[in-house]
Amino acid sequence: MGARKKNAPRRGSLGLRPRKRAASIVPRIRSWPEVKSPKPLLLAFAAYKAGMTHAYIIYDKPDIEPHIKNLLPPSAEIFVPVTVLEAPPMIPLAIRAYRYDPNHGLLTFTEAWVNPEEIVERKDLNKEQLKTMISSLELHRVVPRLNLKGFNEKLRKIHDNIDKIADIRVIMATQPKLTGGLSKKKPDIIEIKIGGGSSIQERLEYAESILGKEITIRDVFREGQFVDVIAVTKGKGFQGVIKRFGVKELPRWHKHRKGSRKVGSRSPAMGAVSPVPQPGQTGYHHRTEYNKRILKIGDDGYEITPKGGFIGYGIVKSTYVLLHGSVPGPRKRIVILRHPIRKTPWEPTRPPTITYISLESKQGA
């Protein structure tokens with residue numbers, strides 16, 4: 001067997017502790033990147049996993065490794081696995097302001113939920129349409145004790161204390177009823193930070209301007225861009241150490257041992273007990289994968305829906321995202337796309353050229 005790479009993770013490592021079930025199926029974004037943009041923009045967007053297929057694209061990485069450059073001709077096509085995410089428009093429903101405390105970090109200052117009866121008159125917003133939209137979301141099912149009163153008062157409070165505000169975020173709702181593969185109608189509520197701009201005041205004005213509007217994924221990301229993917233992985237229940245950590249199975253032919261699918265030794269003969277693999281919850285963990293590239297964003301789901309539809313999902317009906325590689329979680333799982341927080345492999349200047357997307361049936365022979 002070949003030697004293991006210097007910094008490659010060991011199979012069955014004890015990292016990512018504790019390996020417990022995620023608190024919620026809707027992932028919470030714990031860290032946000034600093035985005036340099038002249039105008040304010042949202043730093044994340046939600047989508048739903050439909051399935052996977054494969055495609056051929058023109059290899060466009062600028063700094064090609066020498067061992068690959070000698071094998072690939074100019075404008076070479078490469079085979080890539082792709083994940084299809086369905087991303088219907090989202091609706092900003094509230095503004096949440098944070099203040100900074102030296103001892104406790106960011107603390108909630110206040111939040112203002114949009115109220116069709118109290119919202120400031122805007123030419124770009126129809127009050128009746130907004131009232132219909134909010135009632136169709138059935139927010140009382142998601143937030144049972146939601147109080148929409150006092151919108152103007154809380155918004156005025158944020159403006160009066162703008163010098164104390166350290167961060168502005170918006171609370172947005174998804175529209176799963178617009179998808180082709182989900183049967184649920186209840187929206188998922190997500191808090192998304194507003195980045196860019198030159199000041200907190202500018203971010204606050206941007207948040208006010210998008211309240212009650214439908215925001216598409218094109219307003220947040222572009223084709224060819226790298227993103228981080230945050231989701232809850234597929235649950236596998238309570239498992240032993242072999243499946244959970246990749247521990248080697250012990251020989252079965254000794255009669256002095258009770259079982260073989262367990263840890264052989266918990267520590268050296270003389271010394272402290274080191275962390276030992278234990279059986280327990282496997283899967284349904286909150287995980288983040290970094291620097292996944294958006295290959296395409298489209299509105300016609302039939303362009304990427306295979307014959308017979310995606311297994312267990314069906315047909316993609318709204319806006320879709322074609323992502324290079326795999327994504328955590330099973331089909332129908334909500335996935336959060338976030339602006340990259342780490343350094344990207346390179347800075348794409350244009351979208352990749354896709355020459356072929358497989359539409360063959362995934363139902364099997």
Side-chain angles (χ1 to χ4, degrees), residues 22-30 32 41-51 83-96 111 113-114 116 125 129-144 146 148 169-194 207 210-221 227-233 286-288 292 294 297-299 301 304 310 312-323 327-339:
S24 171
I25 198 171
V26 180
R28 181 170 64 91
I29 306 177
R30 297 183 174 93
W32 295 96
L41 76 162
L42 296 170
L43 297 185
F45 202 86
Y48 295 94
K49 184 175 179 179
T83 301
V84 178
L85 305 177
E86 191 166 8
M90 298 182 67
I91 304 173
L93 297 174
I95 300 174
R96 178 176 288 171
E111 60 184 35
W113 286 78
V114 60
L125 193 63
Q129 290 181 354
L130 179 61
K131 188 182 299 185
T132 304
M133 183 183 297
I134 291 180
S135 62
S136 66
L137 288 175
E138 300 183 6
L139 293 177
H140 62 279
R141 299 182 182 273
V142 189
V143 191
L146 179 61
L148 296 179
R169 302 181 186 180
V170 291
I171 299 175
M172 303 182 67
T174 62
Q175 299 186 83
K177 61 183 179 180
L178 300 181
T179 63
L182 297 178
S183 58
K184 72 172 187 177
K185 300 178 182 179
K186 187 171 70 173
D188 294 307
I189 305 297
I190 303 164
E191 179 183 289
I192 298 177
K193 179 178 178 178
I194 296 179
I210 63 175
L211 277 181
K213 289 184 177 181
E214 284 193 339
I215 304 297
T216 65
I217 194 168
R218 287 191 176 90
D219 299 327
V220 184
F221 300 111
V227 295
D228 294 340
V229 176
I230 306 172
V232 175
T233 61
H286 184 284
R287 293 292 180 261
T288 302
K292 301 282 187 177
I294 296 178
I297 299 175
D299 297 316
I304 45 82
F310 287 102
Y313 188 87
I315 299 173
V316 176
K317 293 184 178 180
S318 60
T319 306
Y320 68 86
V321 181
L322 207 63
L323 213 60
V327 168
R331 54 184 175 263
K332 300 184 180 181
R333 181 67 47 92
I334 183 171
V335 175
I336 306 297
L337 305 180
R338 179 190 63 187
H339 280 262

Side-chain heavy-atom pair Ile334, Pro27 within 4.5 angstrom cut-off: yes

For Lys332 and Gly181, which heavy atoms make the closest approach, and how far apart are they? CE-O, 3.3 Å

With salt bridge (Lys or Arg N to Asp or Glu O under 4.0 Å) as the rule and sequence neighbours excluded, what pairs involving residues 173-185 come up? Lys184-Asp188

To the nearest 0.5 Å, atom OH of Tyr320 lies from atom CD1 of Ile217 at 12.0 Å

Considering all heavy atoms, the nearest Val26-Ile189 contact: CG1-O, 4.1 Å

Salt-bridge contact Glu191-Arg96 (side-chain N to carboxylate O under 4.0 Å): yes

Using atom types as modelled and distance alone, determine if a side-chain donor or acceptor of Lys49 lies under 3.5 Å from a backbone N or O of Gly329. yes

Between Thr83 and Leu322, does the side chain to side chain contact (heavy atoms under 4.5 Å, CB included) criterion hold? Intermediate values first, please. CA-CA 6 Å; Thr83 301; Leu322 207 63; over 6 Å; no

Do Ile215 and Ile210 pass the side chain to side chain contact (heavy atoms under 4.5 Å, CB included) test, and can you show the C-alpha distance, the side-chain angles, and the key distance before you say yes or no? CA-CA 8 Å; Ile215 304 297; Ile210 63 175; 4.0 Å; yes

Is any side-chain heavy atom of Ile230 closer than 4.5 Å to a side-chain heavy atom of Val335? no

Restricting to ring-ring contact (aromatic ring centres under 6.0 Å, His included), what partner residues turn up for Tyr313, sequence neighbours left out? none

Side-chain touch Arg338/Val227, heavy atoms, less than 4.5 angstrom: no

Under 3.5 Å, side chain of Arg287 to main-chain N/O of Thr233, donor-acceptor pair present? no

Are side-chain heavy atoms of Pro187 and Val142 found at a separation under 4.5 Å? yes

Side chain to side chain contact (heavy atoms under 4.5 Å, CB included) evaluation trace for Trp32 with His339: CA-CA 8 Å; Trp32 295 96; His339 280 262; over 6 Å; no

Within a strict 4.5 Å, meaning less than it, do heavy atoms of the Leu93 and Trp113 side chains meet? yes

Is the shortest side-chain heavy-atom distance between Glu214 and Gln175 below 4.5 Å? yes

Nearest-0.5 Å distance, CD1 of residue Ile171 to CG of residue Leu139: 10.5 Å

Do Val84 and Val316 touch side chain to side chain, with heavy atoms closer than 4.5 Å? yes

Which heavy atom of Val321 sits nearest to which heavy atom of Ala87, and what is that distance? CG2-CB, 4.2 Å

CG-CG distance between Asp228 and Leu337, expressed to the nearest 0.5 angstrom: 9.5 Å

For the OG1 atom of Thr174 and the CD1 atom of Ile190, what is their distance to the nearest 0.5 Å? 6.0 Å

If you apply the rule side chain to side chain contact (heavy atoms under 4.5 Å, CB included), what do you find for Ile192 with Arg169, and how did you get there? CA-CA 6 Å; Ile192 298 177; Arg169 302 181 186 180; over 6 Å; no

Whether the Ser318 and Glu86 side chains hold a donor-acceptor pair (N or O, under 3.5 Å, no angle test) is what I'd like checked. yes

Should Lys317 and Asp299 count as an ion pair when the cut-off is N to O under 4.0 Å? no

Of the non-hydrogen atoms in Ile25 and Arg333, which two are nearest, and what is the gap between them? CD1-NE, 3.5 Å

Heavy-atom closest contact (Lys292 atom, Val229 atom, distance): CG-CG2, 3.7 Å

Distance, nearest 0.5 Å, that separates CG of Leu182 from OH of Tyr48: 6.5 Å

Ile336 CD1 to Phe45 CZ distance, which is reported to the nearest 0.5 Å: 9.5 Å

Residue from Ile29, Leu43, Val170, Leu42 passing side chain to side chain contact (heavy atoms under 4.5 Å, CB included) with Lys193: Leu43

